[in-house]
Amino acid sequence: MTRDDALALDAADPLAPLRDLFELPPGVIYLDGNSLGACPKATAARVQQVVAQEWGQGLIRSWNDAGWMGLPQRVGDKIARLVGAGPGELVVADSTSVNLFKVLSAALAVIAADADAPQRKVILSERSNFPTDLYIAESLARQQGLELMLAEADELPGLLGERTAVLMLTHVNYRTGRMHDMAALTAAAHAAGALAIWDLAHSAGAVPVDLKRAGADYAVGCGYKYLNGGPGAPAFVWAHPRHVERFWQPLAGWIGHAAPFGFTPGYRPAAGIARFQCGTPAVLSLAALECGVDTVLAAEALSAGRGAMAALRHKSLALTRLFAARVQATCPQLALVSPRDDARRGSQVCLAHPEIGYAVVQALIARGVIGDFRAPDVLRFGFTPLYLRFVDAWDAAEHLHQVLAGGEWQRPEFNRRHAVT
Ligand SMILES: *Cc1c(COP(=O)(O)O)cnc(C)c1O
């Protein structure tokens with residue numbers, strides 16, 4: 001593989017035009033779309049329109065006239081198409097952490113209603129799951145007298161049993177890029193009498209997900225990563241139709257009420273997934289999120305009938321394969337943490353070094369190659385196929401080689417820790 005080969009892949013790439021949908025600073029290779037997606041060109045004008053016209057001129061009338069109240073469902077329906085959920089089944093609201101609290105509570109209520117419930121006392125998750133997911137589960141376990149059991153990924157199937165209430169996992173591991181087999185683990189959870197909750201933070205817009213076909217029970221996901229919704233974009237929540245109306249979710253706010261503007265004292269949950277809303281929708285953030293989701297859906301028209309996510313996945317795997325192969329050929333100091341097997345790798349490549357990972361990432365950022373560092377030892381590079389070129393993957397590996405070979409990472413400024421890594 002040469003740099004010219006990478007350029008030839010770009011010239012033949014049917015998704016190449018999508019890059020033009022984004023604001024990208026010149027000279028930057030952006031490998032952090034898994035943490036904060038790039039800014040779509042459409043977003044600034046759309047948010048400006050919402051501010052100046054809908055809010056500025058329409059004022060409160062815009063809740064009706066501009067469809068503000070329906071935004072959580074409208075954007076939710078678009079995201080549903082990317083994760084194998086049906087229309088009206090998924091809603092945008094709150095943050096991933098908050099939504100996880102809601103669905104875990106709801107799942108525990110479903111399980112508690114079963115005849116054999118008293119012995120189901122365990123929430124099972126992965127030890128290296130994203131900390132907020134584990135903190136939320138720890139808090140709920142504490143409130144309800146349950147046990148949070150943590151295990152390595154390979155141990156999970158063997159630990160499912162008659163004490164398991166819920167299997168709660170993140171589909172693609174944030175630190176390693178390893179992807180679980182959602183259908184197989186969901187089936188194993190169900191066979192044990194438990195429910196399965198999936199966090200799609202590193203999956204939605206990054207890898208094909210089919211929640212319905214996998215038989216998943218609940219899912220949550222993030223708006224600001226591969227969906228390009230902007231910093232702090234609201235998150236999404238999905239409940240399988242077989243569960244959605246069985247219980248209230250615990251944050252029974254007025255926007256999840258059957259008749260918010262009835263202003264009655266008693267809570268009556270709205271029909272369907274609408275009940276998973278709590279308070280007033282974040283209209284400006286929802287408008288920005290819709291622009292981001294539209295960039296992913298734009299892959300549909302260029303996918304030759306395969307569908308947006310299938311086309312994006314094809315390119316994403318080719319990008320991560322190329323980058324991993326170049327790094328392994330030129331940077332023997334670094335260990336490949338992400339799975340080599342395409343079927344088990346998300347849309348990122350993670351590398352490890354026992355000492356100098358943080359400084360190497362800082363040196364790369366100074367060169368305009370933006371990845372991130374996840375303590376204690378992981379150099380993390382996210383590949384968003386919407387806006388990355390094959391030559392970017394090739395060049396990023398070359399920069400990494402130069403930073404290591406020339407000892408550039410040793411400079412003092414690259415060894416000072418910032419708050420956000
Ligand atoms: C990014 C991420 C989150 C973020 O949660 P917030 O509530 O948006 O801060 C949660 N879970 C996982 C697995 C993530 O990767």
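Counting convention: from 1, in listed order, for ligands and their atoms alike.
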Would you say Arg213 has more than 12 foreign heavy atoms packed within less than 6.0 Å of its CZ? no
Within a reach of under 6.0 Å around CH2 of Trp63, are more than 12 heavy atoms found that belong to other residues, nucleotides or ligands? yes
I'd like to check the ring-ring contact (aromatic ring centres under 6.0 Å, His included) partners of Phe236; sequence neighbours left out, ordered by chain and number.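 ring-ring contact (aromatic ring centres under 6.0 Å, His included) check on Phe236 returns nothing, list empty.
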Amino acids in close contact with ligand 1, where any non-hydrogen atom sits under 4.0 angstrom away: Ser95, Thr96, Ser97, Phe130, Thr132, Asp133, Thr170, Asp199, Ala201, His202, Tyr224, Lys225
From the list Thr43, Asp294, Thr295, Thr384, side chain to side chain donor-acceptor pair (under 3.5 Å) partner of Asn228 resolves to Thr295
Enumerate the ring pair (Phe, Tyr, Trp, His ring centres under 6.0 Å) contacts for residues 17-50, please, sequence neighbours excluded, ordered by first and then second residue. Phe22-Tyr387
Tell me the salt bridge (Lys or Arg N to Asp or Glu O under 4.0 Å) pairs involving residues 241-255, sequence neighbours left out? Asp217-Arg242
